[in-house]
Asks: 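First the structure, which I've put down as structure tokens, then a few questions once you've had a look.
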Protein chains: 2
Amino acid sequence: MKKIALIEDDADLYSLLEYNLQKEGYTVVGAQTGKGAVELFRRERPDLIILDIMLPDSDGLEICKRVRAHPDLAHIPILFLTARASETDRILGLELGGNDYIVKPFFVRELIARVRVHFREPANGASVLKVGDLELDRPRRQVRLRGRPVALTATEFRLLEYLMSRPGVVFTRDQLLDAVWGHDRAVTDRTVDVYILRLRQKLEDDPANPSFLRSVRGFGYSFAEQTAAPAEV
Amino acid sequence: MKKIALIEDDADLYSLLEYNLQKEGYTVVGAQTGKGAVELFRRERPDLIILDIMLPDSDGLEICKRVRAHPDLAHIPILFLTARASETDRILGLELGGNDYIVKPFFVRELIARVRVHFREPANGASVLKVGDLELDRPRRQVRLRGRPVALTATEFRLLEYLMSRPGVVFTRDQLLDAVWGHDRAVTDRTVDVYILRLRQKLEDDPANPSFLRSVRGFGYSFAEQTAAPAEV
DNA sequence: GGCACCGGTTACGGAACTGTGACAGGGTAA
DNA sequence: TTACCCTGTCACAGTTCCGTAACCGGTGCC
């Protein structure tokens, strides 16, 4: 499901972590060198990065800085793994953009637990999303419009769920494909358009004048923040 | 700015942390007992909770569980602070809903750094740029002037975003073309002029006397640093 | 004062983008 | 097996947006 990039030069430790992460259900990509790490990230788009600081050929902190400077990678959590235990080292790692800092030696199961913390849903919000007349009931996998259930297919539901989880935020087609279809997608971005169309036909009173699913020309789509806000000229 | 709830029974440690957190600019609310902690959270709605596990009158893990079960508090990050260092203790704390687990003794500045990680904007700069009356909301792809949304096209938005991200800095037309249109551009530099014009028409009260988008004759354009600074004669 | 240069403005054709209907392939249930 | 539904793609059309050329007025240099 989730993809983790692992950069660790110690072959034994690499294998140990790879094995344990895979046992937890994560996909592991990685390398035992720091060279080409950023290129690896760009290619693989991991959901989290586990990064050794002291690598034989390069510096983990430097890699971290480059990740944070790259617009498409900057959001990825980085978990440092290092023998450097001093106060300044710890602070430096966290200040430079690290999201966690684990000092060797460490408990493998604690590392796993910390990885899971990063993937844990922020318990963000109720299990029922509600915007205007529209309700999305996660546990029941049901969408209600003015109380009436609307039949959605699986993909339609996931797309709507993602858009409704952050009302007002505009997503590009690529972001939606990543979030709804998954990283290993083999899908045209125009597919998103078609699903937006289908959702509009099912949800909007007047599909030609959408009040829920807004197009943002040149960028992508968003779920309208307020149900009100009539289209001004 | 941000409010932190601190639950720690050791009076010396409590004072030390309170002092250091306040020095960092955080508001600190808290108690040296576990009783009434959840009520405190409900009343104060902190942005983050620092929680000792071994309290004389109650159990920090229990408090954590109750926070996670409360719909209005469930999203608040919890940072455990404890002398329990065993593998199972660490895993338990993280599994039960903790976002971080710090073992005593610890470096105060590391704790501060970890707190800051939780408040850090997802890296690449602020998500809302603000200059005077003008706001550029990146996730919403929206520009607001005195609170009123202004409709911009994709290219207008990108150009404004770039200029606003470095207020006061003057860019040549070539720099703007590189940054906004991309290196492989096949565009005349006069195109920039036209977009500046269009932005002025949409943003400036008096397009003939621009207060946001300044021309710098012979060089290029810049976004005015301060909204004030009336045009002196 | 004349002249070259620079930036502001307008209008227009073409490119790019989105909405939409139709369709093929695959999976599933009766 | 058959029929249906879901999924993803394509092609076409309408609309919007983009970029350019051209014209204009102002500025500063000589």
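Keep in mind that the numbers below use all heavy atoms, side chains included, and drop hydrogens, waters and symmetry copies. Each chain gets a letter, A, B and so on, in the order the sequences are listed, and its residues count up from 1.
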Asks: So, is A/Thr191 near the phosphate of D/dT9, with a side-chain N or O under 4.0 Å from OP1 or OP2?
Replies: yes
Asks: Would you indicate, yes or no, if C/dG19 has its OP1 or OP2 atom less than 4.0 angstrom from a side-chain nitrogen or oxygen of A/Tyr221?
Replies: yes
Asks: Could you state the atom-to-atom distance from CZ of B/Arg214 to P of C/dG8 in whole Å?
Replies: 13 Å
Asks: Write out all pairs satisfying ring-ring contact (aromatic ring centres under 6.0 Å, His included) with one or both partners inside residues 24-67 of chain A, taking only residues at least two apart or from two chains.
Replies: A/Tyr26-A/Phe119
Asks: OP1 or OP2 of D/dG19 less than 4.0 angstrom from a side-chain nitrogen or oxygen of B/Trp181, does that happen here?
Replies: yes
Asks: Give the rounded distance in Å between these two atoms: CG of A/Leu199 and C1' of C/dG19.
Replies: 14 Å
Asks: So does B/Ser215 get a side-chain nitrogen or oxygen closer than 4.0 Å to the phosphate oxygens (OP1/OP2) of C/dG8?
Replies: yes
Asks: Given atom CG of A/Asp193 and atom P of D/dC10, what is their separation to the nearest angstrom?
Replies: 13 Å
Asks: Please name the pair of heavy atoms, one in A/Leu111 and one in A/Ile102, separated by the smallest distance, quoted to 0.1 Å.
Replies: CD1-CD1, 3.3 Å
Asks: Any salt bridge linking A/Glu110 with A/Arg114? Criterion: basic side-chain nitrogen under 4.0 Å from a carboxylate oxygen.
Replies: yes
Asks: Does A/Gln201 put a side-chain nitrogen or oxygen below 4.0 Å from OP1 or OP2 of C/dG21?
Replies: yes
Asks: From the set C/dG8, C/dA11, D/dT7, return the single nucleotide nearest to any side-chain atom of B/Arg200.
Replies: C/dG8
Asks: Looking only at N and O atoms, is any donor in the side chain of B/Arg190 or the base of C/dG8 less than 3.5 Å from an acceptor on the other one?
Replies: yes
Asks: Do the ring centers of A/Phe212 and A/Phe223 come within less than 6.0 Å of each other?
Replies: yes
Asks: For the residue pair A/Ile4 and A/Pro46, what are the closest heavy atoms and their distance?
Replies: C-CB, 4.3 Å
Asks: Counting any heavy atom closer than 4.0 Å, what does B/Glu156 reach on the DNA or RNA strands: base, sugar-phosphate only, or nothing?
Replies: nothing
Asks: Return the value, rounded to whole Å, for the distance between atom CG of B/Leu159 and atom P of D/dG19.
Replies: 11 Å
Asks: Expressed in angstrom and rounded to an integer, what is the separation of B/Arg198 atom CZ from C/dA11 atom P?
Replies: 12 Å
Asks: I want to check one thing: is the phosphate of D/dC6, taken as OP1 and OP2, less than 4.0 Å away from some side-chain N or O of A/Thr153?
Replies: no
Asks: What is the separation between atom CZ on B/Arg158 and atom P on D/dC17, rounded to the nearest whole Å?
Replies: 13 Å
Asks: Looking at the side chain of B/Leu197, which of C/dT10, D/dG8, C/dA11 is the nearest nucleotide?
Replies: C/dT10
Asks: Grab the CG-C1' distance between B/Leu213 and C/dG7 for me, whole Å please.
Replies: 14 Å
Asks: Measure OH/B/Tyr195 against C1'/D/dT16 and give the value in whole Å, please.
Replies: 11 Å
Asks: With sequence neighbours left out, which residue pairs that include part of residues 198-213 of chain A fulfil the salt bridge (charged side-chain N to carboxylate O under 4.0 Å, His left out) condition?
Replies: A/Arg146-A/Asp205, A/Glu156-A/Lys202
Asks: Between the side-chain atoms of B/Arg173 and the base atoms of C/dG7, is any donor-acceptor pair under 3.5 Å?
Replies: no
Asks: It should be established whether B/Thr188 places a side-chain nitrogen or oxygen under 4.0 Å from OP1 or OP2 of nucleotide D/dG19.
Replies: no
Asks: Kindly indicate whether the side chain of A/Arg217 and the base of D/dG14 share any N or O donor-acceptor pair separated by less than 3.5 Å?
Replies: no
